[in-house]
Amino acid sequence: MRNQLFQLPIATPDGQFVARYSEKGLAELNFPQAGTPRRGVRSKNSSGARRTPRRGVPTTVMRSHRKTVAALKNALAGRRAKSLPPLDLMGTEFQKRIWNALRKISAGKTKSYGEIAQAIGHPRAVRAVGGACGANPIPVLVPCHRILAAHGKIGGFGGGLDWKRKLLEREGIVV
DNA sequence: CATCAAAAACTCC
DNA sequence: GGAGTTTTTGATG
């Protein structure tokens, strides 16, 4: 079991996102509809899933939530957020490196999995990079959708390929 | 606890 | 279309 995460909804024109925060910051962000469609994730929906305690939420979490909402809306509008909320990324060092590299990508630009692999010093681990992107807990804010396959192909996307295309088109990126 | 085996949002021949 | 590379995850001894 991880630390207790506070789960809060985010209403956007595209639906209701679900964000989960630790006391350090944003830990996870999910698309509307599907709960956790990532592979290999067993999400027993028993009482283990902590719902939204509208109060009893630490002020740090509320602050992160406010920033997250602003950043998410900006991102959905096709613009990069001026400032992201504090992120509490949980994963292996390899994944953290990749996610950190993803955050460096400016809005309206794309990179390939190979580019990311080279950026983190494992030029052959392109496949693993794809896996790490799929394990990215915070899509949109960590722009995993700006990663395209080598030959300009769309690649894949955990939250659904339609989302990826939509996000890319909103940023003016044509595939 | 250490080891083996399979899968993955890729890339090159 | 097939083989190659790397990491993660679940099963096995």
Starting at [atom1] of [X] and ending at [atom2] of [N], how long is that distance when rounded to a whole Å?
{"X": "A/Leu161", "N": "B/dA8", "atom1": "CG", "atom2": "P", "result": "15 Å"}
{"X": "A/Glu115", "N": "B/dC12", "atom1": "CD", "atom2": "P", "result": "10 Å"}
{"X": "A/Lys153", "N": "B/dA8", "atom1": "NZ", "atom2": "P", "result": "18 Å"}
{"X": "A/Asn136", "N": "C/dT8", "atom1": "CG", "atom2": "P", "result": "15 Å"}
{"X": "A/Ile116", "N": "B/dA8", "atom1": "CD1", "atom2": "C1'", "result": "17 Å"}
{"X": "A/Phe157", "N": "B/dC10", "atom1": "CZ", "atom2": "C1'", "result": "17 Å"}
{"X": "A/Lys96", "N": "C/dT8", "atom1": "NZ", "atom2": "P", "result": "12 Å"}

Quiz item: Quick one: do the A/Arg97 and A/Asn100 side chains pair a donor with an acceptor below 3.5 Å?
Solution: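 A/Arg97 vs A/Asn100: no donor-acceptor pair found between side chains.
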
Self-check item: Within 45° cone and under 6.0 Å: A/Lys96 NZ/CZ vs A/Trp99 ring
Solution: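 Here A/Lys96 fails the 6.0 Å and 45° test against A/Trp99.
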
Quiz item: Using a 3.5 Å cut-off on both pairing distances, which stems of three or more Watson-Crick or G-U pairs include DNA chain C?
Solution: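 Looking at DNA chain C, the stems formed by three or more consecutive pairs are B:1-8 with C:6-13, B:10-13 with C:1-4.
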
Atom pairs under 3.5 Å, N or O on each side, protein against nucleotides 5-7 of chain C: can you list them with distances?
unit_1: C/dT7; atom_1: OP1; unit_2: A/His122; atom_2: ND1; d: 3.2

Quiz prompt | Transitive ILVMFWY cluster of A/Ile173, excluding itself - 4.5 Å side-chain cut-off | solution = A/Leu148, A/Ile154, A/Leu161, A/Leu168, A/Val175

